[in-house]
Amino acid sequence: MTTLPDLSLSWKWQPPPAQAEGETGATWADFEMSIGDLPPLTTVEDPQAGAIRPYTVGSLYPLAEWIAFNWWSLLADARPGTQISQLRFAYRNGVGDPRGSWWSRSRRHILRAACDGFRWPDVLFVPEGYQTRIVWMPDGGPDPRGGTRFLGRGNAVVSSASLAETLRGFVDAVVARLVEREVDGTPLQQEWAAITATGEEEAEFCRCAARLGLDPYTESAPYAQAIARAGRELPEVMGLDFFNSVHPDRIADQLQWIERARRVAGDPPPGRPADSAIAELRDICADVRELFYDPDRLENPWQLGYELAHRVRAWAGVADTERFDPDALLTYYTEPVPYVDRGLVAYGSRNAAAGPVLVSSRHYTERPRRFLQARALCHFLFDNDENFLIVASHTHRQHLARGFALEILAPAQGIATLLGRPTGLVTAEDVEQIAEDYGAGTIVVEHQLDNRVLAQDFPFEPVEPSVRKLTAYPRGAGR
């Protein structure tokens with residue numbers, strides 16, 4: 001079992017400097033942020049004191065206000081998970097520099113946007129479902145503005161539920177401090193009162209709007225009816241993937257596409273038994289599936305995906321150095337959309353009329369199609385619901401499916417064996433040859449090399465195949 005660390009916020013109220021008044025002076029404090037046993041995210045170098053300390057000093061009001069005004073995005077907007085590399089540059093040179101086009105989105109997830117004249121660490125929060133990813137970066141080179149420099153760097157995941165409680169407790173404490181100091185009528189107090197009074201139906205709407213990348217209070221009105229319709233028509237898990245992926249302007253279009261995909265897949269006849277191969281594999285993987293859905297056991301979804309892939313290859317009798325054909329276990333169709341919105345990638349049904357069926361929203365060449373089919377196979381084996389969506393978002397479930405697809409198509413052990421024990425750097429020709437052997441994209445092999453093969457000590461002994469082959473379960477190639 002993997003135990004996720006908690007985000008910890010601690011503070012000590014301090015007398016404010018003479019120029020700090022109102023809400024700024026009332027909430028002056030030493031402030032420390034940390035995750036588990038990692039060095040504090042607020043570790044700073046103070047040139048004036050000639051020292052390094054684990055906390056920063058300033059008013060906590062702007063930080064609490066930033067949390068309150070971005071509350072729903074921090075809890076539900078997973079879209080920055082696809083944009084971390086771009087978002088990392090939004091505040092690379094500090095708080096006071098000109099903003100690029102990414103600032104509009106990053107300000108809802110990067111703590112540094114709370115600035116209001118104060119220096120905060122460069123910390124990015126991205127919800128991924130059960131977990132929230134937190135990425136923090138140090139300040140760059142010498143800053144002509146002087147002052148403290150944040151030194152920390154890291155990447156960690158915490159429980160989303162625990163994070164929400166921590167942030168809620170912090171804002172509650174700042175609001176209580178304002179009341180204690182007889183400061184009233186601030187934007188923070190008004191916003192937080194509205195949030196804490198939100199009923200469950202309104203809160204669900206706010207979460208759906210946030211998953212679309214919208215501010216629920218200022219940007220969602222033109223889409224309110226479409227959001228409500230999607231919420232009514234889609235099952236819970238499918239709805240989560242839907243809102244995390246589609247463009248707000250395309251909600252109605254994508255709902256229509258899902259209906260077309262369902263017709264292409266076909267409704268199962270009454271009493272149709274489950275596909276025997278998929279049913280057998282679901283039984284083999286039942287314990288791994290139980291770990292994933294247990295809220296008290298938040299294992300790394302990538303690692304669960306790798307474990308699932310190992311079991312499927314062993315069941316199929318396909319060695320780590322051999323190509324695995326996911327299309328032997330499903331029927332594949334293409335139902336293209338006439339517009340550009342690549343967030344919703346495919347629709348799948350485990351118990352359609354033709355057995356396990358995958359319907360993609362665009363035409364794919366062989367290698368990306370095989371990766372898509374592998375992701376679908378993971379959903380066939382892992383999802384509790386019979387129908388699902390494959391989307392471009394990077395949530396907990398989608399991480400699981402991507403990890404499975406990487407390992408089922410290009411196993412790290414097999415890549416290490418095919419490479420032998422290289423005396424130098426792995427070349428582009430090595431990568432392309434291995435990708436060709438596996439029928440996988442070069443980016444799949446590069447990901448496995450970077451994150452598994454070269455990062456871990458894999459043995460290089462060849463793996464002998466057994467006698468069972470997936471071709472015993474042929475499926476149509478679709479249209």
Side-chain angles (χ1 to χ4, degrees), residues 1-11 30-46 51-58 63 66-67 70 73-75 77-95 102 105-115 118-141 143 147-167 170 298-303 394-396 399 402-403 447 450-452 454-456:
M1 174 178 177
T2 300
T3 302
L4 293 179
D6 289 327
L7 175 73
S8 175
L9 305 180
S10 59
W11 57 92
D30 298 338
F31 176 74
E32 183 174 328
M33 175 184 293
S34 60
I35 298 177
D37 297 329
L38 298 173
L41 284 64
T42 46
T43 300
V44 295
E45 179 184 46
D46 188 342
I52 295 175
R53 62 172 189 264
Y55 62 89
T56 187
V57 180
L63 179 55
W66 175 79
I67 293 171
N70 296 289
S73 295
L74 290 170
L75 265 56
D77 180 13
R79 293 176 182 242
T82 65
Q83 305 160 344
I84 285 180
S85 60
Q86 297 99 322
L87 292 177
R88 290 270 34 92
F89 292 106
Y91 288 82
R92 65 186 183 278
N93 295 322
V95 178
W102 287 102
R105 284 300 311 281
S106 68
R107 63 184 172 83
R108 296 177 185 167
H109 293 267
I110 294 184
L111 184 148
R112 179 155 280 182
C115 56
F118 296 94
R119 301 178 72 92
W120 301 104
D122 186 6
V123 184
L124 172 67
F125 297 86
V126 182
E128 297 179 347
Y130 299 126
Q131 302 173 352
T132 293
R133 183 166 302 279
I134 302 178
V135 183
W136 61 103
M137 297 286 286
D139 289 335
D143 191 329
T148 57
R149 293 176 60 249
F150 289 95
L151 305 178
R153 179 193 300 271
N155 187 327
V157 291
V158 301
S159 163
S160 294
S162 175
L163 174 67
E165 288 306 307
T166 297
L167 297 180
F170 172 75
L298 298 176
E299 269 80 1
N300 185 325
W302 292 90
Q303 293 297 334
H394 285 248
T395 59
H396 195 251
H399 283 324
R402 287 186 175 93
H447 188 284
D450 291 343
N451 294 281
R452 305 204 67 213
L454 302 180
Q456 303 176 38

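Residue numbers run from 1 in the order of the sequence given.
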T166 (side chain) donor-acceptor with S8 (main chain) under 3.5 angstrom = no
With sequence neighbours left out, write down each residue that passes side-chain hydrogen bond (donor to acceptor under 3.5 Å, both in side chains) with R53, or none if nothing qualifies.
-> D46
Validation row: L163, S160 side chains within 4.5 angstrom (heavy atoms) = no
With side chains defined as the heavy atoms from C-beta onward, is the minimum distance between L111 and P121 less than 4.5 Å?
-> yes
Do you know which two heavy atoms are closest between T132 and P127, and how far apart they sit?
-> OG1-CA, 3.7 Å
Any residue meeting ring pair (Phe, Tyr, Trp, His ring centres under 6.0 Å) with Y55, in chain and number order, not counting sequence neighbours | none
Stepwise side chain to side chain contact (heavy atoms under 4.5 Å, CB included) check, T56 with F118 = CA-CA 10 Å; T56 187; F118 296 94; over 6 Å; no
Euclidean distance, L7 CG relative to E165 CD, rounded to 0.5 Å = 12.5 Å
Counterpart residues, ring pair (Phe, Tyr, Trp, His ring centres under 6.0 Å), relative to H447 (two or more places apart) = W302
Rounded to the nearest 0.5 Å, what's the gap from CG on D77 to CG on N70? Could you check?
-> 10.0 Å
Looking only at heavy atoms, which two atoms of T42 and M33 are closest? And how far apart?
-> OG1-N, 3.1 Å
Rounded to the nearest 0.5 Å, how far apart are CG of L167 and CG of L74?
-> 6.5 Å
Given side chain to side chain contact (heavy atoms under 4.5 Å, CB included), test R119 with D139 step by step and report yes or no.
-> CA-CA 11 Å; R119 301 178 72 92; D139 289 335; 3.9 Å; yes
Side chains of D6 and V158: closer than 4.5 Å at any heavy-atom pair?
-> no
Can you check side chain to side chain contact (heavy atoms under 4.5 Å, CB included) on V135 and H109, steps first, answer last?
-> CA-CA 10 Å; V135 183; H109 293 267; over 6 Å; no
Looking only at heavy atoms, which two atoms of W66 and A114 are closest? And how far apart?
-> CB-CB, 3.5 Å
Nearest heavy-atom neighbours spanning S34 and P40 = CB-CA, 4.1 Å
Residue pair A78 / V126: nearest heavy atoms and the distance that separates them = O-CG1, 4.0 Å
CG-CZ distance between D122 and R153, expressed to the nearest 0.5 angstrom = 10.0 Å
Looking at side-chain heavy atoms only, is the closest gap between F150 and L41 below 4.5 Å?
-> no
Considering all heavy atoms of both residues, which atom of H394 and which atom of H399 are nearest to each other, and what is their separation?
-> O-NE2, 3.4 Å
When rounded to the nearest 0.5 angstrom, what is the spacing between CD1 in I67 and CZ in F125?
-> 7.0 Å
Evaluate the ring planes of F170 and W11, with Trp represented by its six-membered ring, and classify them as parallel (under 30°), tilted (30 to 60°) or perpendicular (over 60°).
-> perpendicular
